[in-house]
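Position 1 is the first residue of the sequence, and the numbers go up from there. Since the structure is predicted, the reported quantities are computational estimates derived from the model, not experimental observations. As the structure lists them, so they are numbered: ligands from 1, and atoms in each ligand from 1.
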Amino acid sequence: MTPATPIIVALDYPCVADALALAERLSPELCQLKIGKELFTRAGPSMVEDLHRRGYSVFLDLKFHDIPNTVAAACRAAADLGVWMVDVHALGGQRMMAAAAEALAHYQHPPRLLAITVLTSLGDEDLPALGLPNNAQALALQLARLATEAGAGGVVCSAREASLLRGALGAEVCLVTPGIRAPDAVADDQHRTMTPTAALQAGADYLVIGRPITQAPEPLLALQQLLEFCRTDHGQ
Ligand code: C5P
């Protein structure tokens, strides 16, 4: 099932009760939810089950990166939980991503497999020390190609890379972009933000948004306003 809303709210909370309280205040009609490493390490699979009971689609953002057999097994565990999306690091290599895709292919309703290309916390200048070429954007495109050829259904990328990847990889690939802010909103620690409208126009399918909703005095209102920016040209 394809969700009707492009917003994925990042449930970045150290505390299960706070995460569930936010889920109660929002609505599965208006957003999907993302569980990351911190919340999952604290709360485990029951957190996913709690959100499913409330009707949410869940992106399990654990960024698997290991040998192919281990990542395939982890992806099967995510599929058994019934999550909507799961992700792996493209730098784990073609065989690792292919093993993940193959593991999910056996499910009737598999999660969409996403690949992380280059972490946006890494700049060009960080890459040579890792033995990588000092051009994060070119590397992101190369890894996104590798990921889709290996069977991934999409990539997580900066909204700034969305139009490049959309142009190179075509309409089928799902682009999920963090670093989204309403016009005039504070950027927090995100350096290169984009508005919802600009990110969607650049080719993003889903927008990952955390603090502008989780830290808002009225999270539901903040979500509704961001959705409004997605539906109109006012978010430019
Ligand atoms: O609060 P904010 O909207 O900045 O949260 C963005 C979310 O997207 C966080 O969960 C963050 O870990 C995640 N993310 C990101 N940049 C990436 C990949 C994921 O900000 N490149």
Taking only non-hydrogen atoms of P178 and a 4.0 Å limit, the atoms of ligand 1 in range are 8 (O), 14 (N), 15 (C), 16 (N), 17 (C), 18 (C), 19 (C), 20 (O), 21 (N)
Is it true that Q215 lies under 4.0 Å from ligand 1, counting heavy atoms only?
no
What do you reckon, does D61 have a nitrogen or oxygen under 3.5 Å from a nitrogen or oxygen of ligand 1?
no
If you measure every N/O of K34 against every N/O of ligand 1, is any gap under 3.5 Å?
yes
Quick check on R54: does its CZ atom have over 12 non-hydrogen neighbours (other residues, nucleotides or ligands) under 6.0 Å away?
yes
V71 and H65, any side-chain heavy atoms less than 4.5 Å apart:
no
Could a heavy atom of L119 be found less than 4.0 Å from some atom of ligand 1?
no
With a heavy-atom distance limit of 4.0 Å, tell me whether S158 approaches ligand 1 through its side chain, its backbone, both, or neither.
neither
Does T70 form a side-chain contact (heavy atoms from CB on, under 4.5 Å) with M96? I'd like the steps, not just the answer.
CA-CA 9 Å; T70 300; M96 187 205 79; over 6 Å; no
Over all atoms of both residues, closest heavy-atom pair of L227 and P6
CD2-CD, 4.0 Å
Any salt bridge linking R211 with D189? Criterion: basic side-chain nitrogen under 4.0 Å from a carboxylate oxygen.
yes
Which of the numbered atoms in ligand 1 are below 4.0 angstrom from a heavy atom of T120?
16 (N), 17 (C), 21 (N)
Under 3.5 Å, N or O to N or O, is R181 touching ligand 1 that way?
yes
Under 3.5 Å between some N or O of ligand 1 and some N or O of G210?
yes
Just to check, does P212 reach to within less than 4.0 Å of ligand 1 when the distance is taken from its heavy atoms?
yes
Checking side-chain contact (heavy atoms from CB on, under 4.5 Å) against L114, which of V155, V88, D87 comes through?
D87
So for D12, does at least one of its heavy atoms come nearer than 4.0 angstrom to any atom of ligand 1?
yes
Determine whether a donor-acceptor pair (N or O, by modelled atom type, separation under 3.5 Å) exists between the side chain of R25 and the backbone of L220.
no
SG/C75 to CG/L104 distance, rounded to the nearest 0.5 angstrom?
5.0 Å
